[in-house]
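For this chain, numbers begin at 1 and follow the sequence in order. Values below: every heavy atom of this structure, side chains too, minus hydrogens, waters and symmetry copies.
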Amino acid sequence: RWMLDLSPFGKIPILIHKGKSIWESAVIHQYVEEVFGQGHPLRSHDAYEAAQERAWTWYCNTHLAQTMHAYLFKHDIGMGVARKHALLEALQFLEDNLKKIHAK
């Protein structure tokens with residue numbers, strides 16, 4: 001119950017700052033930049049690069065998070081290997097694309 005008091009959707013991570021809670025990764029990211037990022041932005045000012053950052057944040061918050069949750073918390077008989085494979089594929093996809101981005 002305490003977690004729902006901090007995050008009404010029951011989502012993590014949760015940032016508590018000045019006695020108030022902020023939840024959801026992308027929202028925390030924006031909050032930290034707005035509060036602490038003066039002169040040191042966390043995201044690109046280039047519109048295309050910022051769009052790419054948002055797209056990868058979406059991928060991690062949706063597909064990757066759901067795949068990880070299924071692997072860690074769903075215990076259907078016989079599905080463990082398939083879920084592990086799906087998680088490894090999702091992580092490899094992310095890693096491969098991040099390498100391409102940083103190689104530019």
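- A distance of 12.0 Å separates NZ of Lys100 from CD of Glu95, quoted to the nearest 0.5 Å.
- The backbone N or O of Glu53 sits less than 3.5 Å from a side-chain atom of Thr57, completing a donor-acceptor pair.
- Side-chain contact between Glu89 and Thr67 is absent, with no heavy atoms from C-beta onward closer than 4.5 Å.
- Between His29 and Glu33, the side chains place no donor N or O within less than 3.5 Å of an acceptor N or O (distance only, hydrogens not considered).
- At a threshold of 4.5 Å between side-chain heavy atoms, the hydrophobic network of Ile, Leu, Val, Met, Phe, Trp and Tyr places Ile16 and Tyr31 in two separate groups.
- At a threshold of 4.5 Å between side-chain heavy atoms, the hydrophobic network of Ile, Leu, Val, Met, Phe, Trp and Tyr places Leu94 and Trp58 in one connected group.
- Ile22 is not connected to Phe9 by any chain of hydrophobic side-chain contacts under 4.5 Å among Ile, Leu, Val, Met, Phe, Trp and Tyr, and they are in different clusters.
- Between Tyr71 and the choices Gln66, Met79, Arg83, the side-chain contact (heavy atoms from CB on, under 4.5 Å) rule is met once, by Arg83.
- Closest approach of Ser21 to Ile14, counting heavy atoms only: CB-CG2, 3.9 Å.
- Under the 4.5 Å side-chain criterion, counting only non-hydrogen atoms from C-beta, Glu49 is not in contact with Gln52.
- Note on Leu6 and Val35: separate hydrophobic clusters, where clusters join Ile, Leu, Val, Met, Phe, Trp and Tyr whose side-chain heavy atoms are under 4.5 Å apart, directly or indirectly.
- Leu88 and Tyr59 fall into different hydrophobic clusters, where Ile, Leu, Val, Met, Phe, Trp and Tyr side chains are chained together by heavy-atom contacts under 4.5 Å.
- Summarising the geometry, atom CD belonging to Glu34 is positioned 10.5 Å from atom CG belonging to Leu42; distances are rounded to the nearest 0.5 Å.
- Here the shortest heavy-atom pairing between Pro13 and Ile28 reads O-CD1, 3.5 Å.
- Ring pair Trp56/Phe93 is tilted by interplanar angle, where 30° to 60° counts as tilted.
- No more than 12 heavy-atom neighbours from other residues, nucleotides or ligands sit within 6.0 angstrom of NE2 on His85.
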